[in-house]
Amino acid sequence: MKTEFLMVKGDITKDHGVDAIVNAANTSLLGGGGVDGAIHRAAGKELLAECRMLNGCKTGRAKITKAYNIPCKYIIHTPGPVWNGGKSNEEALLGSCYKSCLELAVENGVRSIAFPSISTGIFSFPLDKAVKIAIGTAKKFVEDNPDKLDVIKWVLFDDNTFNAYQNELNGWNDSGEKSVAGNDVKSKKVICFHNPNEENGYLSNWYMSDFMIDGIKFSSLEQYMMYMKAVTFNDMESAEKILSISDVEEIKELGKGVKNYNDVIWNGVRQIIVYNGLLEKFRQNIDLREQLIATGDSILAECAVSDKVWGIGLSVYDDDRFDLTKWKGRGLLGFALMKVRDELAV
Ligand code: APR
């Protein structure tokens, strides 16, 4: 299986569905600012305790620890070079950071890894040089070590850095390297969700998150969708009742009882209504927006066995959920979420 190269914009301390994340550390390994500080804050104090036992790390080398409160198995720490005008072997040292991290990842059975943009922050390494070294080193590693890694992802914190890496990756694709991150749906990762209190629950319509539309405050996408259903059929009594409660199960029942309901009309307008609601849910809640954008170009799938319209008609335990050709439902919610992600990622 080819290694998938992915670029996403976001915070590397969030859940990116990888086995390991890389920390752009310093040689003490005792934390600092930038991404190093963010990772130590998110992981908790046990990380520092383990790092203290490592006796530092040379520039261009890498050491591995547990991830503690960060949602992955390992953190691989690598001190990048401080830019000194290119007079101190910085380019070779940066390449060595990526190579050392990938070697350590493979030694520890890591199949998916996420990198920040090493050395291009406080260490001032020029971004245009760094992206070539980063992707070039990783491509060479994959060529020399086939089938060892499924995903190499960069999680980039700002638009400028994201665009630089994405353009470099596209350049690789133009030079004949097939990008598995392209439109080859079969090779794309499928991210599953269902109940709001389970993994990726924030994607569920039942996830509680306030947002405003036309001066009305909604507490969940479910409430917005059922309210709009009642308004569509001019059942204002049900619309008011739906707005007066927040319990999603009750709201769903009120939605089922909307008067003057017409299937043809609802089938025509429902996806537009859900798209508009999702756009505001994710636009107005930055933490949800960042998590959604961090899913990159993954396929999003609501794993609801009984729902063959908004869900895929398969459970989160069914291995067929990863193969769109085997879905039993239309998965409309996932596709609406992907359209919202495209809209908000720019
Ligand atoms: N998620 C992803 N990327 C991040 C995050 C984050 N939460 N926070 C910062 N970044 C980005 C920065 O915007 C930059 O693009 O990581 C990249 C690397 O920047 P730095 O964190 O400053 O790392 P670096 O340039 O390698 O300098 C390392 O800074 O934090 C200290 O202890 C660290 O001394 C070391 C030095």
Side-chain angles (χ1 to χ4, degrees), residues 6-18 20-44 47-48 50-52 54-63 65 67-72 75-86 88-101 113-135 137-138 152-169 286-287 289-296 345:
L6 280 174
M7 301 295 161
V8 297
K9 185 164 158 277
D11 178 344
I12 202 166
T13 66
K14 305 292 184 203
D15 188 351
H16 295 284
V18 294
I21 65 166
V22 171
N23 178 22
N26 59 52
T27 52
S28 74
L29 295 187
L30 300 180
V35 69
D36 193 4
I39 287 173
H40 272 272
R41 280 192 299 277
L47 173 60
L48 184 58
E50 184 174 355
C51 286
R52 285 192 202 289
L54 296 177
N55 301 318
C57 182
K58 283 195 173 65
T59 298
R61 310 300 292 273
K63 290 194 176 177
T65 66
Y68 301 101
N69 299 331
I70 291 196
C72 62
I75 302 172
I76 297 176
H77 307 261
T78 185
V82 180
W83 183 250
N84 179 30
S88 312
N89 202 27
E90 297 93 313
E91 297 190 40
L93 284 168
L94 184 60
S96 172
C97 284
Y98 284 104
K99 190 164 182 286
S100 304
C101 290
I113 187 168
F115 285 99
S117 174
I118 302 171
S119 276
T120 64
I122 296 167
F123 282 177
S124 309
F125 203 107
L127 184 57
D128 59 327
K129 294 181 189 301
V131 295
K132 291 188 184 330
I133 295 166
I135 296 173
T137 306
I152 299 179
K153 181 184 284 195
W154 274 264
V155 180
L156 305 158
F157 209 42
D158 58 80
D159 289 335
N160 181 46
T161 306
F162 171 83
N163 292 333
Y165 276 81
Q166 186 63 66
N167 292 339
E168 178 61 20
L169 178 62
I286 184 167
D287 56 331
R289 183 169 78 233
E290 279 199 349
Q291 288 184 77
L292 176 63
I293 292 171
T295 61

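Note: hydrogens, waters and symmetry copies are ignored here, and every other heavy atom, side chains too, is used. Counting starts at 1 for both ligands and their atoms, in listed order. None of these values were measured; they are calculated from a predicted model.
- Formation of a donor-acceptor pair under 3.5 Å by the T13 side chain with backbone atoms of D11 is not found in this model.
- The shortest heavy-atom distance from S117 to ligand 1 is under 4.0 Å.
- In this structure the side chain of K153 never reaches within 4.5 angstrom of the side chain of M7, judged on heavy atoms.
- The distance criterion of under 3.5 Å between nitrogen or oxygen atoms is met by I122 with respect to ligand 1.
- The option with the heavy atom closest to atom 28 (C) of ligand 1, from among W83, F162, F123, is F123.
- Checked for salt-bridge contact, E168 and K132 meet the test: a charged N lies under 4.0 Å from a carboxylate O.
- Distance from atom 26 (O) of ligand 1 to its nearest protein heavy atom, with residue and atom name: S119 N, 2.8 Å.
- Atom CG of L54 is separated from atom OG1 of T65 by 7.0 Å, given to the nearest 0.5 angstrom.
- Residue contact annotation: G37 has no non-hydrogen atom under 4.0 Å from ligand 1.
- Counting only heavy atoms from C-beta outward, the side chains of P116 and L156 never approach each other to under 4.5 Å.
- At least one N or O atom of N26, backbone or side chain, sits closer than 3.5 Å to an N or O atom of ligand 1.
- Using modelled atom types, no side-chain atom of N23 and backbone atom of H77 make a donor-acceptor pair closer than 3.5 Å.
- Under 4.0 Å from ligand 1, the heavy atoms of A38 that appear belong solely to its side chain.
- Of the protein's heavy atoms, D11 OD1, 3.0 Å lies nearest to atom 7 (N) of ligand 1.
- Among all protein heavy atoms, the one lying closest to atom 33 (C) of ligand 1 is D36 OD2, 3.5 Å.
- With hydrogens left out, the protein atom closest to atom 30 (O) of ligand 1 is G33 O, 2.5 Å, a heavy atom.
- Residue-level proximity to ligand 1 for P79 is absent, since no heavy atom of it falls below 4.0 angstrom.
- Not one N or O on the side chain of S88 forms a donor-acceptor pair closer than 3.5 Å with the backbone of E90.
- Under the side-chain contact (heavy atoms from CB on, under 4.5 Å) test applied with W154, the options I135, I118, V22, V131 reduce to a single match, I135.
- Put simply, the side chain of R61 does not reach to within 4.5 Å of the side chain of T78, judged on heavy atoms.
- Nearest residue to atom 9 (C) of ligand 1 from I118, T78, V35 is V35 (criterion: closest heavy atom).
- Closest to atom 25 (O) of ligand 1 among all protein heavy atoms lies G121 N, 2.7 Å.
- Residue, atom and distance of the protein heavy atom nearest to atom 23 (O) of ligand 1 are A24 CB, 3.8 Å.
- When only non-hydrogen protein atoms are considered, atom 13 (O) of ligand 1 lies nearest to F157 CB, 3.7 Å.
- The closest approach between T13 and ligand 1 stays at or above 4.0 Å for every heavy atom of the residue.
- In this structure, CG on N167 lies 9.0 Å from CZ on F162, to the nearest 0.5 angstrom.
- If you check which protein heavy atom lies closest to atom 1 (N) of ligand 1, you get I12 N, 3.0 Å.
- The distance criterion of under 3.5 Å between nitrogen or oxygen atoms is not met by L156 with respect to ligand 1.
- With hydrogens and angles disregarded, a donor-acceptor distance shorter than 3.5 Å links the side chain of N26 to the backbone of G31.
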